[in-house]
Trainee: 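This structure is in structure tokens; I'll ask about it shortly.
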Amino acid sequence: MSDRAPSSSHDVPDKPALEGLEQKWAERWERDGTYRFDRTRARGAVYAIDTPPPTVSGSLHVGHVFSYTHTDCIARFQRMRGREVFYPMGWDDNGLPTERRVQNYYGVRCDPHLPYDPAFVLPDAASPAKTRGEKAARQPVSVSRPNFIELCSRLTAEDEKAFEQLWRQLGLSVDWSMTYATIGQRAQRVSQLSFLRLLQRGVVYQVEAPTLWDVDFRTAVAQAELEDREVPGAYHRVRFARAGGQEFVEIDTTRPELIPACVALVAHPDDERFRPLFGTEVVTPLFGARVPIRPHALADPEKGTGIAMICTFGDVTDVTWWRELSLPVRAVILPNGTFRPVAWGSPGWESADPARAQRHYADLEHLSAQKARARIVEQLRESGDLMGEPRPVTHAVKFYEKGDRPLEIVTSRQWFLRTLEYREALVERGRQLRWHPSYMQARFENWVNGLNGDWCISRQRFFGVPFPVWYPVREDGAIDYSRPIVPPVERLPVDPSTDVPDGYRADQRDQPGGFAGDPDVMDTWATSSLTPQVAGAEGVDDDLFRRVFPMDLRPQAHDIIRTWLFYTVLRAHVEHDSLPWSNAAISGWVLDPDRKKMSKSKGNVVTPMALLVEHGSDAVRYWAASGRPGTDTAFDTGQMRVGRRLAIKLLNASKFVLTRCEPTGPVTAPVDRGLLTALAQLVSEATADLCDYNYARALERTEAFFWDFCDNYLELVKSRRYGDHGPDGAASANAAMLATLHVLLRLFAPFLPFVTEESWSWWRDGSVHRAPWPTTTEVLEPLGGADEHGRRALAFATDLLGTVRRTKSEAQKPLRTPVARLVVHVDAAGRGLLDAVQADVAAAGFVQRIDAVEADAFSAEVTLGELPPAGQPAQ
RNA sequence: AGGCGCGUAGCUCAGUGGUUAGAGCGCCUGCUUGACACGCAGGAGGUCGGUGGUUCGACUCCACUCGCGCCUACCA
């Protein structure tokens, strides 16, 4: 690109305006490939960003605009600094949110047992249900898993278009030829490849064990997806008869419905009250099962009666007790959350009175936990085993974050990825990572140290990456999970529910002697934790991958440090023995004016597109970029208005600088040299801020400089630059103004990409976004170095002009009011400064005469009015 | 209960071991100055959450404390 020298014939519009700039430049950037990634560049020259793939089944909200703007500011800065920026966009279309949206949108339900129907058409000519009534009235249509997945893909493709349009309007400098989807073929291949590698190394394993389970979604969930919710409950004091029959042990429980699942009582080993009972047995009320009383350090003497009932399984502590005390299993809750049928008296369900146990249990069968609880309380009351009345409490209960009912613990076969054994190594990885802001590292460490199990990566869902595994079916029809059949890597990705393993025929599916596909899909995070590998196309385009991995930046919000960030670090650690990126920039949330997190559920979301249209993209970006890293920021249209004014001001100031900017020449005037000296410092500080990911501070500094430049410097030199004081003074002023504009447009470019590009286009070739980032050398070289005298001169002139303006303002006179006389009290040094600036001050302040008076302290007196005719004293 | 963060002008937020603590918005008062009324100039407004301590000097460092937010833990 040729750096066209500024000339007096610029294409400056008469009335510069913001309207239409977004479309104009978005199209132009696309046409010119301004943000195209040059994949011939070596790793060292590349700056790679692990862009968060937004969930396409949700809608974009202001929070997205906020945080993606931050990343874009960094991307644009790095690009201008000469790094080749790898800035792809991903779409997160994997997982439950998409499933739910597809179910509702098309009125279908996935039935994995149905065969694929290649000729499938939607019942209502593919029209989504229009109204709520229509939706409710229509029975969901059952479709096969492949058909269901096709519908998911169809809907997400539409969503992605809308997202891309918004991002372009916002001005994200993404290379739109490099997008990926978390359910796309590449993501599936990368995920399955990684899975098979880890399976071979034993880092992933399969086990049948008690697992956190959501009874509505009927799937396992991981620790990271839990959240506690305060819900009302009640303590029920229940008595267990000791073996003799006359003495009782009382326990407190909030889940009396699990008494049939009780396998032991437990108390603290040092608790004197219960020590004599350890090793003895009690009988469960209603069901007459004999259970031991055992000691365990986790039992809290302060809670309840100090002795607790262990059930299989009421909570995660039950699992610990059950495991560590080697207790038997008496599971009562089915995957759908209801009580399963049980034959009392059969092995494992022994009872002192099987008929009575059966009678009581029959009432509970097929009930949900909540209903069973009410029923059993009645039974306990009748039997006299309920001591007093239930005492209501509010307590924290674990929920799946997307779920509506408390989690249960259900025994099932699941895939796990080893996590616990890497805990210390992961803490160390967290310390190697550069966090912005730095304190976010504590959250990571906090989470890693609190891990209490391996990562359950299998989900009993449909729309996700399937496990690339089949199992032999034995001659007796049982599935042999111990000998999984895996495909060769060339076949990946595979869907074992439709694909057939090598050496088998399709008709052997689920047949004795045949094979069965693994029915589960991976946790969405199991794919999302590979975004660097997916975006970099590991195993698909390894040349690209080597140029971008490990990446430079992971931008994301703080609420998913424990999931996305943590899992990504884990995967890179186990597979690449490295960090996935060197920096993590953590953005805050957007809060509504009531300081609550903005979210769809609260109904306080503003549509981003409407915002961009109303205020202009640069204005919205200005607001976003003002939010400091990691800090929650209030949604504030006032800030957007400020941003809009800034953008307009930039256009107008550019117009002023570029109109009649001849002649130019050496920068000789002290005020002009002072401006450039201050500008050099701004460049230095803003650059350091941006290098440190402190975009907000860089913007703040640049903005403050710019307003000062407009309000003081430009006013001071206006007259001179038009030639009122001769050609040399004009040349100096014009050269300084042009140099400053040239720098300011580039300093603002990462934040306000549209107006800066517009102004740049009036007098420069190429895109400002590919122009080199300004340097202090570039600014100071024509001066022969920093000019501190000039700097003081500019400050002094600004000060004097301020005094003159204040006097007029206080006198409520127009600023054009002439000043008959300005008396300036200065010391010797001040005298030198005054000489340097007085012509500019006089012109800008309409001062007719300036007199210097020698004094120790500076002061100035302003006399308004016309200078009296010659010959008369001024006073 | 532990961890992290925050508490500065009516609002949104900067700030730093050192002279009278800053910006923008809002408010008030003026002003159509040869880029801009989507503008310009000016003004009022704060004992920097509280208490102690270190220091010649604290909004800044330390301790304690209060309030708010988030993360983690808390189901007997």
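Within every chain, numbering begins at 1; the chains are lettered A, B, ... in the order of the sequence lines, protein sequences first and strands thereafter.
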Trainee: Pick out which of A:H236, A:R237, A:R239 makes a side-chain hydrogen bond (donor to acceptor under 3.5 Å, both in side chains) with A:D385.
Mentor: A:R239
Trainee: Salt-bridged, A:K718 to A:E715, with N to O below 4.0 Å?
Mentor: yes
Trainee: Base, sugar-phosphate, or nothing for A:E715, non-hydrogen atoms under 4.0 angstrom?
Mentor: base
Trainee: Considering only atom P, compute the distance from B:C59 to B:G53 and round it to an integer number of Å.
Mentor: 14 Å
Trainee: Regarding A:A647, tell me which of base, sugar-phosphate or nothing describes its non-hydrogen contacts under 4.0 Å with the strands shown.
Mentor: nothing
Trainee: Work out how far the P atom of B:C27 is from that of B:G17, and round it to whole angstrom.
Mentor: 36 Å
Trainee: Report yes or no: is the cationic atom of A:R645 (NZ for Lys, CZ for Arg) closer than 6.0 Å to the six-membered ring centre of A:Y622, at no more than 45° off its axis?
Mentor: no
Trainee: Classify the ring geometry of A:H742 against A:W763: parallel below 30°, tilted from 30° to 60°, perpendicular beyond 60°.
Mentor: perpendicular
Trainee: Counting any heavy atom closer than 4.0 Å, what does A:R697 reach on the DNA or RNA strands: base, sugar-phosphate only, or nothing?
Mentor: sugar-phosphate
Trainee: Could you tell me the separation between the CD1 atom of A:I561 and the P atom of B:C71, rounded to a whole number of Å?
Mentor: 10 Å
Trainee: NA contact type, A:L298, heavy-atom cut-off 4.0 Å: base, sugar-phosphate, or nothing?
Mentor: base
Trainee: Applying side chain to side chain contact (heavy atoms under 4.5 Å, CB included), can you list everything that pairs with A:A860, at least two apart in sequence or on another chain?
Mentor: A:L800, A:T803, A:L822, A:F858
Trainee: What's A:Q223 touching, base or sugar-phosphate or nothing? Going by heavy atoms closer than 4.0 Å.
Mentor: sugar-phosphate
Trainee: Rounding to a whole Å, what distance do you find between A:R641:CZ and B:C25:C1'?
Mentor: 9 Å
Trainee: Can you give me the closest heavy-atom contact between A:R562 and A:A224, atom names plus distance?
Mentor: NH2-O, 2.8 Å
Trainee: Scan A:Y722 against the nucleic acid and name what it touches under 4.0 Å (heavy atoms): base, sugar-phosphate only, or nothing.
Mentor: base
Trainee: Under the side chain to side chain contact (heavy atoms under 4.5 Å, CB included) test, which residues partner A:P818, sequence neighbours left out?
Mentor: A:Q848, A:E866
Trainee: In whole angstrom, give me the gap between the C1' atoms of B:A58 and B:A21.
Mentor: 13 Å
Trainee: RNA chain B: A:E700 or A:F846, which has the more 5' nearest nucleotide?
Mentor: A:E700
Trainee: Expressed in whole Å, how much space separates the P atoms belonging to B:C25 and B:G42?
Mentor: 13 Å
Trainee: With rounding to whole Å, what would you report as the distance between B:A9 and B:G22 at their C1' atoms?
Mentor: 10 Å
Trainee: Rounded to whole angstrom, note down the P distance from B:G7 over to B:C48.
Mentor: 14 Å
Trainee: Is A:R806 close enough to B:G43 that one of its side-chain N or O atoms is under 4.0 Å from OP1 or OP2 there?
Mentor: yes
Trainee: Where is the tightest heavy-atom contact between A:L646 and A:W707, given as atom of each residue plus distance?
Mentor: CD1-NE1, 3.9 Å
Trainee: Atom CG of A:D228 and atom P of B:C75: how far apart are they, to the nearest Å?
Mentor: 9 Å
Trainee: Among the candidates B:G24, B:A41, B:C75, find the nucleotide nearest to the side-chain atoms of A:V642.
Mentor: B:G24
Trainee: Nearest to the side chain of A:Q812, which nucleotide is it out of B:G24, B:C75, B:G30?
Mentor: B:G30
Trainee: One character per nucleotide, please: for nucleotides 1-11 of chain B, 5' to 3', B when the base has a protein heavy atom closer than 4.0 Å, S when only the sugar-phosphate does, - otherwise.
Mentor: -B-SS------
Trainee: When all nucleic acid strands are considered with a 4.0 Å heavy-atom cut-off, which category describes A:K718: base, sugar-phosphate, or nothing?
Mentor: base
Trainee: Counting only side-chain heavy atoms from C-beta out, which of B:U72, B:U33, B:G42 sits nearest to A:R562?
Mentor: B:U72
Trainee: Distance-only criterion, 3.5 Å: show the donor-acceptor pairs between side-chain atoms of residues 611-620 of chain A and protein atoms not counting sequence neighbours.
Mentor:
residue : atom : partner : partner atom : Å
A:S617  : OG   : A:Q169  : O            : 2.6
A:D618  : OD1  : A:F754  : N            : 3.2
A:D618  : OD2  : A:F754  : N            : 3.4
A:D618  : OD2  : A:V755  : N            : 2.8

Trainee: I'd like to know if A:R255 and A:E408 make a salt bridge, using a cut-off of under 4.0 Å between side-chain N and carboxylate O.
Mentor: yes
Trainee: What stems involve RNA chain B, if each pair must be Watson-Crick or G-U and both of its distances must be under 3.5 Å, with 3 or more such pairs in a row?
Mentor: B:1-7 with B:66-72, B:10-13 with B:22-25, B:27-31 with B:39-43, B:49-53 with B:61-65
Trainee: How far does the P atom of B:C74 sit from the matching atom of B:G67, given to the nearest Å?
Mentor: 25 Å
Trainee: Once you round it to whole Å, what is the distance between C1' of B:A14 and CZ of A:R628?
Mentor: 6 Å
Trainee: Heavy atoms only, 4.0 Å cut-off, all strands: where does A:D300 land among base, sugar-phosphate and nothing?
Mentor: base
Trainee: Taking 4.0 angstrom as the limit, do A:R697 and A:E685 come out as a salt bridge?
Mentor: no
Trainee: Would you mind reading off the distance between A:L651 atom CG and B:A35 atom P, rounded to a whole angstrom?
Mentor: 16 Å
Trainee: My understanding is that only residues two or more places apart in sequence, or in another chain, count here; which of them pass ring-ring contact (aromatic ring centres under 6.0 Å, His included) with A:H70?
Mentor: A:F66, A:Y695
Trainee: Touch check for A:W707, heavy atoms < 4.0 angstrom, all strands: base, sugar-phosphate only, or nothing?
Mentor: sugar-phosphate
Trainee: Which nucleotide wins on minimum distance to the side chain of A:F656, given the candidates B:C74, B:C70, B:A35?
Mentor: B:A35
Trainee: Nearest to the side chain of A:K649, which nucleotide is it out of B:C75, B:G39, B:A41?
Mentor: B:G39
Trainee: Check whether any side-chain nitrogen or oxygen of A:K15 sits under 4.0 Å from OP1 or OP2 of B:A35, and answer yes or no.
Mentor: no
Trainee: Using a 3.5 Å distance criterion without hydrogens, assess whether the side chain of A:H268 forms a donor-acceptor pair with backbone atoms of A:A299.
Mentor: no
Trainee: Applying a 4.0 Å non-hydrogen cut-off, can you work out what A:D711 is touching in the nucleic acid: base, sugar-phosphate, or nothing?
Mentor: sugar-phosphate
Trainee: Let me know the distance between CZ of A:R816 and P of B:G34, rounded to the nearest Å.
Mentor: 7 Å
Trainee: Toward the 5' end of RNA chain B, which comes first, A:E230 or A:E703, by nearest nucleotide?
Mentor: A:E703
Trainee: When the distance from CZ of A:R660 to C1' of B:G34 is rounded to whole Å, what number comes out?
Mentor: 7 Å
Trainee: For the pair made of NZ in A:K655 and P in B:A35, what is the distance, rounded to whole Å?
Mentor: 8 Å
Trainee: Which is true for A:K303 with a 4.0 Å heavy-atom rule: it touches a base, it touches only sugar-phosphate, or it touches nothing?
Mentor: base
Trainee: Would you measure the distance from the C1' atom in B:C75 across to the matching atom in B:G69 and give it in whole Å?
Mentor: 25 Å
